[in-house]
Amino acid sequence: MSTRPKRLPDLQRQLENGSVLSMATHPPIDISLVIPVCNGVDFIADTVASSRDFLARRRLDFEIVVVDDGSSDDSADAVRPLTDDRVSLIEVSPNRGKFGALMLGMAEARGACRIFTDADLPYDLEAIPYIAQLVNEGGFHVVVGDRTLPESCSATQTPLTRRLSSRIFSFCVRMLVTGGLFDSQCGLKGFRADVAEAVFPLLTDPSFSGDVELLYIALKHNLSIRRIPVRLRASSTTTVRLTIHSLPMLVRILRLRHNWTSGRYDSFELRLLGSQTYWPPTETTDRG
């Protein structure tokens, strides 16, 4: 017989008084920045160096975890000289896909807030400490960048065909999955440590539609999600062509409901985190 439910009273007390940030041990650092990369030799060293310099200037307690996802170029060699106590490199072969790499990176991360971003660093770095503040101090479980918010802006012009196909895809995702979350595909998201430890092992899709799966799981478990504006410094490089890949991605997304109803996304930890039971337990009386 399973004894798992016996963890509930003690764990609930710890979550309520804020003494637990991780299901294992209290993370020793504030921020983990996880960066998956595949064939990014032209920019990954600059990404790591600029991220490290920025976070160090802000006097933040951080680490950067780079996951080289089966690159066929010298991406790993570009990062290796930068590794130290704050920068680590995970090398994966063969290629696992963006979220396959992120699952590994998040598992190795130690931060109270665990953030992932794209390898070419398209978003302004000021978002990193802001996400950490919302997670570590504001109590949010998940923070997501949203390019559709009024305060969001871009220093570059995204091609019209990409904008149109992205909007069509986003509309379909909203109708089918995420409701009011308008920008599921923004490559900047942050998670509280215990949420990251519970959510990422549940993912079934290692590809780019993993963004939608993440949000679907968070929404179904009633986690606290905060959307933030982002400043797009440069148009992100991508191997995804929504005109070609949208249909396969939508097919994967349509499987989410089946995964939920079949129990694939069941999680004791996430149920506890999202619980809002505010009435006392029902007492039964033996009437003889």
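When reading the values below, keep in mind they use all heavy atoms of this one structure, side chains included, and skip hydrogens, waters and symmetry mates.
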Counting C-beta onward and ignoring hydrogens, is there a side-chain heavy-atom pair between [X] and [Y] closer than 4.5 Å?
X: Trp260; Y: Asp266; result: no
X: Ile90; Y: Glu108; result: yes
X: Ser50; Y: Leu121; result: yes
X: Ile35; Y: Val67; result: no
X: Leu273; Y: His221; result: no
X: Phe116; Y: Leu33; result: no
X: Arg110; Y: Val65; result: no
X: Val195; Y: Glu269; result: no

Taking atom CZ as the centre, does Arg257 end up with more than 12 heavy-atom neighbours from other residues, nucleotides or ligands that are less than 6.0 angstrom away?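 For Arg257, atom CZ is not crowded (no more than 12 foreign heavy atoms under 6.0 Å).
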To the closest 0.5 Å, what do you measure between [atom1] ([X]) and [atom2] ([Y])?
X: Lys98; Y: Met103; atom1: NZ; atom2: CE; answer: 14.5 Å
X: Tyr123; Y: Leu232; atom1: OH; atom2: CG; answer: 6.0 Å
X: Thr117; Y: Ile128; atom1: OG1; atom2: CD1; answer: 5.5 Å
X: Leu104; Y: Phe200; atom1: CG; atom2: CZ; answer: 11.0 Å
X: Asn259; Y: Lys220; atom1: CG; atom2: NZ; answer: 12.0 Å
X: Phe191; Y: Ile115; atom1: CZ; atom2: CD1; answer: 10.0 Å

Any donor-acceptor N/O pair, Ser32 side chain to Arg114 backbone, under 3.5 Å: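 No, because the side chain of Ser32 does not come within donor-acceptor range (under 3.5 Å) of the backbone of Arg114.
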Does Ser51 use its side chain to pair, donor to acceptor, with the backbone of Val48 at less than 3.5 Å?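 No, the answer is negative, given that no donor and acceptor are paired below the 3.5 Å cut-off.
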Minimal non-hydrogen separation, [X] against [Y], with atom names:
X: Leu125; Y: Phe54; answer: O-CE2, 3.2 Å
X: Phe99; Y: Asp205; answer: CB-O, 3.7 Å
X: Gly111; Y: Ala193; answer: O-CB, 3.4 Å
X: Gly145; Y: Val230; answer: CA-CG1, 3.7 Å
X: Phe43; Y: Ala119; answer: CD1-O, 3.5 Å
X: Val135; Y: Ala112; answer: CG1-O, 4.2 Å

Tell me every residue that passes side-chain contact (heavy atoms from CB on, under 4.5 Å) with Arg80, counting only those two or more places apart in sequence or in another chain.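 Result, side-chain contact (heavy atoms from CB on, under 4.5 Å) vs Arg80: Ala76, Asp77, Leu89, Glu91.
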side-chain contact (heavy atoms from CB on, under 4.5 Å) involving Ala132 - partner list, sequence neighbours excluded: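 side-chain contact (heavy atoms from CB on, under 4.5 Å) check on Ala132 returns Ile31, Cys113, Asn136.
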Any Lys/Arg nitrogen of Arg231 or Glu151 sitting under 4.0 Å from an Asp/Glu carboxylate oxygen of the other?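 No salt bridge links Arg231 with Glu151.
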So, Arg52 and Asp84, do they make that salt bridge, N to O below 4.0 Å?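 The answer is yes: the pair qualifies as a salt bridge.
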Step by step, work out the side chain to side chain contact (heavy atoms under 4.5 Å, CB included) result for Trp279 and Thr277. CA-CA 6 Å; Trp279 50 80; Thr277 303; 3.8 Å; yes
Flag yes if Val41 and Val92 sit in one hydrophobic cluster, no otherwise; membership is Ile, Leu, Val, Met, Phe, Trp, Tyr, and two members link when side-chain heavy atoms are under 4.5 Å apart.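 Different hydrophobic clusters.
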Consider only side-chain heavy atoms of I, L, V, M, F, W and Y, link residues closer than 4.5 Å, and tell whether Phe62 and Tyr130 are in one cluster.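 Same cluster: Phe62 reaches Tyr130 through Ile, Leu, Val, Met, Phe, Trp or Tyr contacts under 4.5 Å.
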Tell me, please, which residues at least two apart from Asn95 pass side chain to side chain donor-acceptor pair (under 3.5 Å).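 Result, side chain to side chain donor-acceptor pair (under 3.5 Å) vs Asn95: Asp69.
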For Arg96, check salt bridge (Lys or Arg N to Asp or Glu O under 4.0 Å) against everything at least two apart and list the hits.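 Partners of Arg96 by the salt bridge (Lys or Arg N to Asp or Glu O under 4.0 Å) criterion come out as none, since no residue qualifies.
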I'd like to check the salt bridge (Lys or Arg N to Asp or Glu O under 4.0 Å) partners of Arg58; sequence neighbours left out, ordered by chain and number.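 Per chain and number, Arg58 pairs via salt bridge (Lys or Arg N to Asp or Glu O under 4.0 Å) with Glu126.
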Are [X] and [Y] linked by a side-chain donor-acceptor pair shorter than 3.5 Å?
X: Ser71; Y: Asp68; value: yes
X: Asp120; Y: Thr47; value: no
X: Glu213; Y: Thr204; value: yes

Check against side chain to side chain contact (heavy atoms under 4.5 Å, CB included), Ser267 and Leu202: CA-CA 8 Å; Ser267 167; Leu202 298 177; 4.1 Å; yes
Test of understanding: with ring pair (Phe, Tyr, Trp, His ring centres under 6.0 Å), list the residues that count as partners of His141, not counting sequence neighbours.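 None.
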Test side chain to side chain contact (heavy atoms under 4.5 Å, CB included) applied to Asp146 and Cys186, step by step: CA-CA 6 Å; Asp146 191 329; Cys186 181; over 6 Å; no
Test Asn39 against Ser75 for side chain to side chain donor-acceptor pair (under 3.5 Å), laying out the working first. CA-CA 6 Å; Asn39 296 336; Ser75 294; 5.3 Å; no
Could you walk me through whether Leu188 and Asp118 pass the side chain to side chain contact (heavy atoms under 4.5 Å, CB included) test, one step at a time? CA-CA 7 Å; Leu188 181 66; Asp118 295 331; over 6 Å; no
